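Every chain is numbered from 1 and lettered A, B, ... according to where its sequence line falls, protein lines coming before strand lines. Just so we're clear, the structure is a prediction, and the values are computed from it rather than from any experiment.
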Amino acid sequence: MAAQIVAVVIFIAMFVLIVLDEIQREFITLGCGLLTLVLVFGVCMRNMDAVWETLNLRSIFTMEFWRTVGTAEESTSGINWATIIFIAGMMVMVEGMARVGFFRWLCMRLAKLVHYKTIPIFISFMCMSFVLAMFIDSITVILFLAAVTVELAKLLKFNPVPMIISEVFCANLGGSATMCGDPPNIIIGTSFGYAFGDFVTNTGLIAFISLLFVIVYFYFAYRKDLATDAGKQIDLSKMPEPRSAITDKKGFIISTIIFICAIVLLVTHASTGLTVAFIGLFIAVVTLLTSGRHALRLLRKVDYKTLLFFIGLFVVVGGLEQTGILEIVAGAIEKISHGNSRLMIAIIIWVSAIASAFIDNIPFAATMIPVVRTLAESTPGMSLSTLAWALAMGTDIGGSATPIGASANVVGTSVAAKAGHPIEWGEYCKKAVPATVLVLLISTVLIFVRYL
Amino acid sequence: MEKQMIIAIGREYGSGGHEIGQKLAEKLQINFYDRNVLDRAAEERAVDASKLRKYEDKPRNLLLSRTVRGFSNSPEENVAHMEFDFLKGKAESGESFVIVGRCGEDILKEYEGLISIFILADMNQKIERIKQVRDLSDLGAESAIYRHDKKRKAYHNYYCQTKWGDSRTYDLTVNASRLGIDGTVEMLAEYIRFRMK
């Protein structure tokens, strides 16, 4: 009982401190993780096995961690090293691509392709945001897309805010389509042993259908704001040449090849048996080897803070799991839904979405993994995968509703604000909340129709 | 080349610090920056400064904003940094100027030519001054002083490592009620001349 209370207090304190944003979040999770190890496992439980299970270091030294036959499931409790290694690897690759100007080139190329016309740029940037976010972290996607949007807005004299809000929304939606698109999906995928293809054919399908509705919605929501100067003649000679974005031609070609290889490896990882941890490490090593003298710079640019944040977070959630708190939460959901599958799915999607709209969706998803597992085991006829897709859509999409719901939203609105276009909550939510509700409704209906 | 001088003035509401800054700039024949910092920063970005004005001089809202990889989506924080960047740019260019507020004494502390001053005044004189300028009652003026000073303190203490109004933050802390506006300007000009030797 004492262990449970301490674990919950640490967990709540961690969330409050993350929300307050006064202390760097990696220090918060690492500090709370340390408290979990010492106070919960050491002082209250006196259980060294729980410490080792949560640290989960042994798993890295097993063959299954790197290559598996059949489903590649991470151990149930503690630090999800596969997620951390994969994210680190992708960070190295993305830094390599950014260094050579890949993303800026892509944005400029697309804008040129549509002859710098505002509405076509608006729609094509939404699609590009969706597609890129399927494979690359949404922060990077938005960082470049929003910067180019601001630049084009200045040249073409349109308001960049509608475009940035739409791009951010589509980046979050694209992230929900694949296993590697959004951190909650990587956590869900590695924890439950799902492959890239499993996500594409399930959450991916929902995301693609939703994208069509979202494009139509944003078009009607913003067409007046974007059409202001549409009739104006544009001096195309003043537009930046896409080629000028490339800083290193040879590096650009190599980065593009590595990116394509990463996609191929991810798409085929179920048949090759290579785990996401292996793919992440492989991609990072290849990127570093081909970067020559820039390798050290790339390594320095990796966002270690986020990786440390993940490590601490998994330990705190491990504390809740080891003390049985998450089983109690699962029991409560089961009780509220009276074992009704539809109600249970609806609760998972909508509660995850509402929570993710205000708090970081990564700790939420990590916390819900054991809850969902317990629910699937204890509810007759309830498939784990159905709950997993509901959790993925809820956490990935819910974050789109507010400016602080997901990292991409923060970065997108920050880029806009730095350029002199601050986006208030009201302005953001007015358009993003209906779009979020729309996608959540589509997700709920599709999950009901397809799986129940 | 003339030595660069950056006069950063912090002030209590109603103390006459703004007017002192203005007169000092005239006397020293250097540029004067106050609210116009935001106009200039907005101009550089080709946006309307009036849309940014409401976020000026405010700390970020802790519950409604987040920071990701150094990117904050707080309009208040972004507007503050727009102003800081503008001032740093001016300082970097070697320009001499007077800056009122905007955390000048803290964000420009690396510049050798910085002279930081905090202007305060007796409460009764501050009330009289505010009553004249804003057509308020005694009580209204007093509450406006508390409100504005509280806001300035929160803004300063959020963005700076030093404390607003604390004598350790500034080179000089002056009560403008003793010498009056013009007398204080004279005294400060003399002090600045000494410092610039």
**Student:** Going by an N to O cut-off under 4.0 Å, is there a salt bridge joining A:K154 and A:E151?
**Tutor:** no

**Student:** Scan side-chain atoms only and decide if B:E92 and B:Y111 contain a donor-acceptor pair under the 3.5 Å cut-off.
**Tutor:**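 Their side chains do contain a donor-acceptor pair, which is all the 3.5 Å distance test asks for.
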
**Student:** Identify the residues of residues 423-432 of chain A whose heavy atoms come closer than 4.5 Å to a heavy atom of chain B, ordered by number, or report 'none'.
**Tutor:** A:I423, A:E424, A:W425

**Student:** Test side-chain contact (heavy atoms from CB on, under 4.5 Å) on A:M163 and A:L152 and set out the steps.
**Tutor:** CA-CA 11 Å; A:M163 225 181 254; A:L152 289 174; over 6 Å; no

**Student:** Select, from A:G420, A:S414, A:A416, the one with the greatest count of heavy-atom pairs under 4.5 Å involving chain B.
**Tutor:** A:S414

**Student:** Quick check for you: among A:D303, A:T413, A:V150, A:V415, which has the greatest number of heavy-atom pairs under 4.5 Å with chain B?
**Tutor:** A:D303

**Student:** Does the pair B:E19/B:K23 count as a salt bridge with the N-to-O cut at 4.0 Å?
**Tutor:** yes

**Student:** According to ring-ring contact (aromatic ring centres under 6.0 Å, His included), who are the partners of A:F11, at least two apart in sequence or on a separate chain?
**Tutor:** A:F15

**Student:** Side chain, backbone, both or neither: which part of A:K305 has an atom under 4.5 Å from a heavy atom of chain B?
**Tutor:**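 Answer is neither: A:K305 stays 4.5 Å or more from chain B.
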
**Student:** Where on A:I18 is there a heavy atom nearer than 4.5 Å to chain B: the side chain, the backbone, both, or neither?
**Tutor:**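 Answer is neither: A:I18 stays 4.5 Å or more from chain B.
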
**Student:** Quick check: does any side chain N or O of A:S176 sit under 3.5 Å from a backbone N or O of A:L173, one acting as donor and the other as acceptor?
**Tutor:** yes

**Student:** Looking at B:K27 and B:E186, is any side-chain nitrogen of the basic one under 4.0 Å from a carboxylate oxygen of the acidic one?
**Tutor:** yes

**Student:** Does anything in residues 47-79 of chain B reach chain A? List residues with heavy atoms under 4.5 Å apart, or say none.
**Tutor:** B:V47, B:L52, B:K54, B:Y55, B:R60, B:L62, B:L63, B:L64, B:S65, B:R66, B:T67, B:V68, B:R69, B:F71, B:S72, B:N73, B:P75, B:N78

**Student:** Report which part of A:A153 has an atom under 4.5 Å of a heavy atom belonging to chain B: side chain, backbone, both, or neither.
**Tutor:** neither

**Student:** Think B:R40 forms a cation-pi with B:F86, using NZ or CZ under 6.0 Å from the six-ring centre and within 45 degrees of its axis?
**Tutor:** no

**Student:** Kindly say whether A:I23 contributes a backbone atom to a donor-acceptor pair with the side chain of A:R25 at under 3.5 angstrom?
**Tutor:** no

**Student:** State which residues pass ring-ring contact (aromatic ring centres under 6.0 Å, His included) with A:F314; sequence neighbours excluded, sorted by chain then number.
**Tutor:**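 Residues passing ring-ring contact (aromatic ring centres under 6.0 Å, His included) with A:F314: none at all.
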
**Student:** So does A:I362 get a backbone contact from the side chain of A:D360, meaning a donor-acceptor N/O pair under 3.5 Å?
**Tutor:**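 Indeed, once roles are kept as given, a pair shorter than 3.5 Å links the two residues.
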
**Student:** Do side-chain atoms of B:R195 reach the backbone of B:L114 as a donor and acceptor pair under 3.5 angstrom?
**Tutor:** yes

**Student:** Pick whichever of A:N409, A:V411, A:T402 has the most heavy-atom pairs under 4.5 Å with chain B.
**Tutor:**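 Highest number of pairs under 4.5 Å: A:V411.
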
